[in-house]
Every structure is written in C-alpha cells, then in structure tokens.
Amino acid sequence: MNNMKYTITTPLYYVNDKPHLGSSYTTIACDAIARFQRLKGNTVLFLTGVDEHGQKIERTAESKNLQPQLHCDEITEKYKFLWDKLNISYDRFVRTTSKEHTSLVHQFYSNVLKSDDVYMGRQSGWYCVGCEEYKDVEENDKSPICSIHKKALEWRDEENLFFKLSKYQDQIEKLIQVDGFISPKSRKNEIINFVSKGLRDFSISRVNLKWGISVPGNSDHTFYVWFDALLGYVSGSLRDQCSPELTDESLCNWPANIHVIGKDILRFHAVYWPAMLLSAGMQTPLSVFGHGFLTREGQKMGKSLGNVLDPIDLLEYGGIDAMRWYLLRDIEFGEDGDFQLRRYVDIVNSDLSNTIGNLLNRTITMSKKWFNEKIPIDNTSLPESPLKVQSEMKINEYMESFKNNNFKNSANAIIDLANSANLYLNDRAPWKLIKDVTNKNVVAHDIYSVLESCRIIGILLNPFVPNLSSRILYQLKIDPSVIDFEQSLHWGLLNPSNGLEDPKPVMDKIEYKDS
RNA sequence: GUCAGUGUAGCUCAGCCGGUUAGAGCACAGCAUUCAUAACGCUGAGGUCGAGAGUUCAAGUCUCUCCACUGACACCA
C-alpha cells in the first residue's frame, strides 16, 4: 500500500508578468502536499511550469521591444528564482515553448483527430479587444459595449478549428459527480450546474496569432491557449521528457493525482481538460482542487489600486517560514483569504516563536543543564506520559486533515501538541522537582517526553515550513533528510545518546512595522 | 437580471436535527514568573450573533423581506 506514485501539478503560470502572491500561494500549497506525500513514502512527481504562448504575451513582448521568446525566458527565470527562494521542491519545470512540448501537442492532436473530434467551423460574435474574448450580447443590441472596458465591441467572424466537447456530455457529467473529483464542494456544485446546461464545442485554434504552436495540416492556424497549455501537464510528467511519446510506457506518471489551480480556471480543468483526454484515449486526472484568491487588507490586489504585494517583499519582511506558515495555517484552502500584515506578524510570532520555538528552547536548556548536556534516559517505570497519547491523537488529526488538503486543521493539530507540551511543563514544574535529587528520574521522564514531542512537532512541521523543521531537528541532532512518517512518528524514537545542540532560538520574531 | 454562498467579539473562525449566563485561538489588560525568545501559565475585559418582521413556551440556529459582500451564468493563464 505504500510507495505509490503521486503526481501533483501547479498551474502552468502565464508569463505575461512576474509572479505574484497568488501564484506563490498555489505553489506553496502544492509544495506542502508534495512534501507530505513524500513523507508518506510515495514516489512524488511534483510538476510546475509556465504557459508561454498567446496574444497577450506576444503583445507584451512587443511593447518591451523583445522577441517573445526572450521575454518568456526573462519571466521564466523570475519564476524559477522565486520558487527557489520559497524552497519549492518541484521535480520538473515545464515550458510550453520547448520542442518536446510542441511534439507532444502534435501527437495528442493527431489522436484527437483520429477520434474524429475536430472540425472546421466559424467563430463569430462580438469581440472585446481589451478582454480578448467574445462576449455574450443581448440579441437586439446592435452596438454592444464591453461592461468591463466600456468600449464598443467589434464584430468578428473567423475560421477556427473546433473540438467536439458536446460529444462528451455524458462522460463529463459522470466524472464530475465522482466524489472527490472536484474540490471544494461549493465549486463542484457550480461546475455541475454549468455542465447540466449542456456543453458546447469550443474552438482550439486561432488564425491571427503567430506566437503559438502551429496546427499540423492548417499552417495558418495556431493552437488556442488551452489546447496547448493543459498539455503541459502531460509533457511534463512523461517518463522520458527528451523524446516525448504518448505510450503507456512513457505515461507512467499519468494521470495526475491532483491538479491544484485557482478557482478562476476550474472549469477548464474539470470539464474541458478531461474531455480532451478522453478524446485522445487517455486517463483523466483523479482530482482537481480550485483554491480561493487572496485579498490584501480587505481589498482586491491590483495594479490599478497599486496595492499588489510582491512575494519577494513579503519574503524579506518575515522570511520563508513565516510566509509559508501564514498562508497555509491561517487561510482556509479553497476559500478566499485576506492577507493582513498585523495578523501575519501575530500569528507567526505566536505559533512559531512563542509556542513552538520557546518550547524547544526551554526544554533543551533544562535537559542540558540537569542531564549532563544530554537527553535524559527515561528508565523509570512511570505510567506513560500523557503527551504520548496526546501526540498520537494529534498525529491522527494532522493526517486526516492533510488528506483533505485542510492545511489549517493540520497546522492546528501541531500547535495543539505544542500547547499541551508547554502546559505539561508548567504543570510538572521540573525546575522545582529537580531541587530534590530523588526526583531525578521523574524529571528525566518528563523532559524526555517533552523533547520527544518536539521531535514529532519538528517532523510534522516539515511540509509546512521545511526550513524551520530542519532547524528544530538539527537541535535534536536528527538528520532531517531521512525522516519518514511511517518510520519516524512512533513515540520513543528520540535517542538519548545523540545528545543535543546548544539551544538557539529557531525562530526569530518578526517586528511589526506599518508599511 | 437569474441562481448559489457568506454576514457571530478588534482579527481568523466554531456553533450539529432550535433549549440553561453565545465559544476557541490570536490581539489587548492585570497577576504571576524563570526552565525559556518580555516567552510559558493564570485571570479578565470585549458580541443587541448584518437589519426588520414572523413561527414557537423558547431562535445565532426555522420562515419571509431587505441590506452588504463573494461566486457561477462558456472560450479570462
């Protein structure tokens, strides 16, 4: 039952602009899942990457006086740089401008053709240049205006290739009903509602777009962004990325266990994408999770408001552990969340510095002071520490919640355990007991059980804040690279002969400053 | 416009099929205090549960109306 393949993807981010907090949020969440799965002993393929084609990018490059490819290279580097800073443990980084990807798109397309799912049609309607999309308009309206841009819409009529989405109505309806396929539930209902109204075919090519993958057999067409970008998940998960081929053998990491995406693109992943895969005779992903968006101090982030929070700035403010912890611990994954600086500082200081950091610090100090610079050996026949029971309970909660991508609850389970350990210390007051030498065994028992709790906390923290987790484990002289849930989460594994590092605060406090 | 969801202490949220003085964590105040990162602990202050009406012996919890916010309503990465 162990050692299963687990494939997880972030969205392939559109390289129109540098990465923002939203994409960092998604990627951090995926990283937590990937690390969690690895600790469970699964073989994880954690895939991220960028979507580089499309008119918007073509234009952005033009406005910067750059070749599109150079512009893409530039932005791609920023993504990689940021993921590095955030300690994102991705295994592969897909670029849709790579040769391999192009080849895969062509193969996939030919399979879809074989299923007779493509036809030439006309896309006509009122088009907004600003939105780059066709708008639904009241039938009688002869001069419609875009509600967003307040500009007149243009009538456009162009030749496009269409994909027969409608053919898959029944299969998609069944698929989206499957329990756990779409999360969270509220979004699932929206998709079901949407699909029940009847699926229409959608266009998969454009004629006046150069910056894209050419359509074989229709040289003046390029693939429309979705038909191109979604396939990045496949090209990135192939066994051999250098010579991509759609064979059972090379598809060993497919289907993805989970696509984590923002709620805005849920429909494409939960409806269009599975249909495309069905058409090509491939397996559909096992689940799709559409998370919420972040606002800042109650307001939408946007360029026009000038309140965009740059992930790099945030990183410099509180550090990587703070940023990861806050996003995973305080925001309900799936719901929209609000970033508040005051709260950010409070939560991080309280949880990581005061509750966890201080617990480790005070306990190591006591241990070293009274037990010859070491971890005490618990050779008493005292009843089991209540912390053992508590930790087992909290490990359970943590696991259950994490399975459902409920990071908040998992994080709370860790904090609960740390709180219990702090309370236990206050209750037992080893600093008083130790004054009487005959109590030494009792104190050993107490200190050991708190240190053991710290070890477990350190391990459980890994998917959330890998750096802090390592710092904690280092102080307990445990090699963080060899931890594993199955092996490491049993009570009593802390080895007294290992010794302890000198206590140093593992988490500095963030100073709140209005900015 | 239609449909769905949300609105509970300063902040983030629990409150199941209606039932005693509405809960937690954080923030704040006081006390205590060193084993510890002005940390841990204890105590406390904080809410007309969005507004109004109704059903009921009894409503945060059910019904209706209204207000505010969010989302979906097909090609927006």
Side-chain angles (χ1 to χ4, degrees), chain A residues 11-17 22-23 50-54 56-57 96 123 125 128 130-136 148 160 162-163 165 185-187 189-195 197-204 224-230 261-268 271-272 290 292-293 295 298 300 329-332 335-338 340 342-370 408 412 415-416 418-419 421-432 434 443 447 450 503-509:
Chain A
L12 299 189
Y13 301 108
Y14 203 56
V15 294
N16 191 43
D17 205 351
S23 37
V50 285
D51 170 15
E52 305 176 275
H53 289 130
K56 234 180 229 174
I57 287 174
T96 59
Q123 171 94 303
C128 171
C131 301
E132 283 193 52
E133 70 186 40
Y134 288 92
K135 298 284 182 184
D136 273 348
I148 298 167
N160 284 161
F162 279 76
F163 171 72
L165 181 63
K185 265 227 172 68
S186 53
R187 304 245 156 68
N189 296 336
E190 282 171 9
I191 296 289
I192 288 174
N193 194 17
F194 165 78
V195 174
K197 288 177 182 160
L199 294 174
R200 292 186 224 152
D201 299 342
F202 69 98
S203 63
I204 56 168
Y224 180 56
V225 56
W226 285 112
F227 202 86
D228 168 354
L230 287 165
I261 51 171
K263 60 185 183 180
D264 54 332
I265 52 176
L266 182 58
R267 204 177 59 229
F268 299 93
V271 179
Y272 292 33
F293 285 155
T295 51
K300 254 182 194 167
R329 138 76 222 253
D330 201 44
I331 288 161
E332 187 84 43
E335 301 301 307
D336 287 347
D338 189 34
Q340 296 169 17
R342 179 76 241 189
R343 186 164 169 81
Y344 172 80
V345 171
D346 286 344
I347 289 280
V348 169
N349 286 345
S350 168
D351 291 346
L352 301 184
S353 301
N354 297 350
T355 302
I356 293 176
N358 182 52
L359 173 69
L360 181 72
N361 195 250
R362 69 195 294 209
T363 315
I364 290 183
T365 304
M366 288 186 273
S367 189
K368 296 196 81 151
K369 192 184 262 182
W370 305 324
K408 195 175 194 170
N412 276 327
I415 295 299
D416 288 346
N419 279 331
N422 271 319
L423 279 169
Y424 183 73
L425 281 179
N426 284 354
D427 190 40
R428 303 290 299 170
W431 49 91
K432 284 183 189 156
I434 198 68
V443 174
I447 296 292
V450 175
K504 247 181 251 149
V506 285
M507 190 72 196
D508 292 329
K509 290 196 187 176

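These numbers come from a predicted model, not from an experiment. Sequence lines set the chain letters: A, B, ... in the order given, protein chains first and strands last, and positions in each chain run from 1.
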Quick one: side chain to side chain contact (heavy atoms under 4.5 Å, CB included) partners of D338(A), sequence neighbours excluded?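 In terms of side chain to side chain contact (heavy atoms under 4.5 Å, CB included), with neighbours along the sequence ignored, D338(A) is linked to T295(A), Q340(A).
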Identify, with sequence neighbours excluded, every residue that meets side chain to side chain contact (heavy atoms under 4.5 Å, CB included) alongside L423(A). none
Interatomic distance where [atom1] belongs to [X] and [atom2] belongs to [N] [whole Å]:
X       : N       : atom1 : atom2 : value
D416(A) : rA14(B) : CG    : C1'   : 13 Å
I57(A)  : rA77(B) : CD1   : P     : 10 Å
D338(A) : rG10(B) : CG    : P     : 16 Å
E190(A) : rA4(B)  : CD    : C1'   : 7 Å
D264(A) : rG71(B) : CG    : P     : 11 Å
K185(A) : rG71(B) : NZ    : C1'   : 18 Å
R267(A) : rC73(B) : CZ    : C1'   : 9 Å
R187(A) : rC3(B)  : CZ    : C1'   : 16 Å

Taking only the [atom1] atom of each, what is the distance from [N] to [M] in whole angstrom?
N       : M       : atom1 : value
rC28(B) : rU70(B) : C1'   : 31 Å
rA36(B) : rC49(B) : C1'   : 40 Å
rG25(B) : rA9(B)  : C1'   : 12 Å
rC11(B) : rC16(B) : C1'   : 26 Å
rG52(B) : rU43(B) : P     : 36 Å
rA72(B) : rU20(B) : P     : 40 Å
rC57(B) : rG47(B) : C1'   : 26 Å
rA29(B) : rU63(B) : C1'   : 43 Å

Check: V271(A) and I191(A) side chains under 4.5 Å, non-hydrogen atoms: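 The answer is yes; the side chains approach within 4.5 Å.
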Pairwise side-chain contact, V443(A) with W431(A), heavy-atom cut-off 4.5 Å (strictly under): no
Using a heavy-atom cut-off of under 4.0 Å over every strand shown, decide if F162(A) touches base, sugar-phosphate, or nothing. base
So F194(A), base contact, sugar-phosphate only, or nothing? Heavy-atom distance under 4.0 Å. base
Looking at [options], which one has an atom nearest to any side-chain atom of [X]?
X       : options                   : answer
K263(A) : rA74(B), rG71(B), rC75(B) : rG71(B)
Y14(A)  : rU70(B), rA77(B), rC73(B) : rA77(B)
K408(A) : rU12(B), rU70(B), rA74(B) : rU12(B)
Q340(A) : rC75(B), rU12(B), rG71(B) : rU12(B)

Quick one: pull up NZ in K509(A) and CG in L352(A) and give me the separation to the nearest 0.5 Å. 11.5 Å
Measuring from D351(A):CG to N419(A):CG, what's the distance to the nearest 0.5 Å?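 Output value for this atom pair is 8.5 Å.
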Please confirm whether the ring centroid of F202(A) lies under 6.0 Å from the ring centroid of Y272(A).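 Yes; Y272(A) has its ring centre under 6.0 Å from that of F202(A).
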Let me have a per-nucleotide readout for nucleotides 24-40 of chain B, 5' to 3', with B, S or -, counting only protein heavy atoms under 4.0 Å. -BSS-------BBB-SB
Please classify the glycosidic conformation of rG46(B) as syn (within 90° of 0) or anti (everything else). syn
When you look at F293(A) and D264(A), which way does the side-chain contact (heavy atoms from CB on, under 4.5 Å) test go after all the steps? CA-CA 9 Å; F293(A) 285 155; D264(A) 54 332; 3.5 Å; yes
Output all residues satisfying side chain to side chain donor-acceptor pair (under 3.5 Å) with N361(A), sequence neighbours left out; order by chain, then residue number.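 N361(A) satisfies side chain to side chain donor-acceptor pair (under 3.5 Å) with no other residue.
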Check the pair L12(A) / V50(A) against side-chain contact (heavy atoms from CB on, under 4.5 Å), numbers first and verdict last. CA-CA 4 Å; L12(A) 299 189; V50(A) 285; 5.7 Å; no
Which residue pairs pass the salt bridge (charged side-chain N to carboxylate O under 4.0 Å, His left out) test when at least one of the two sits in residues 357-368 of chain A, sequence neighbours left out?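 Residue pairs with at least one partner in residues 357-368 of chain A: K368(A)-E373(A), K368(A)-D502(A).
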Whichever of A229(A) and K197(A) has the more 5' nearest nucleotide on RNA chain B, that residue is K197(A)
Please convert RNA chain B into dot-bracket. A pair counts if it is Watson-Crick or G-U wobble with both distances under 3.5 Å; crossing pairs go in [ ] and bases paired with another strand get |. (((((((..((((.....[...)))).((((.........)))).....(((((..]....))))))))))))....
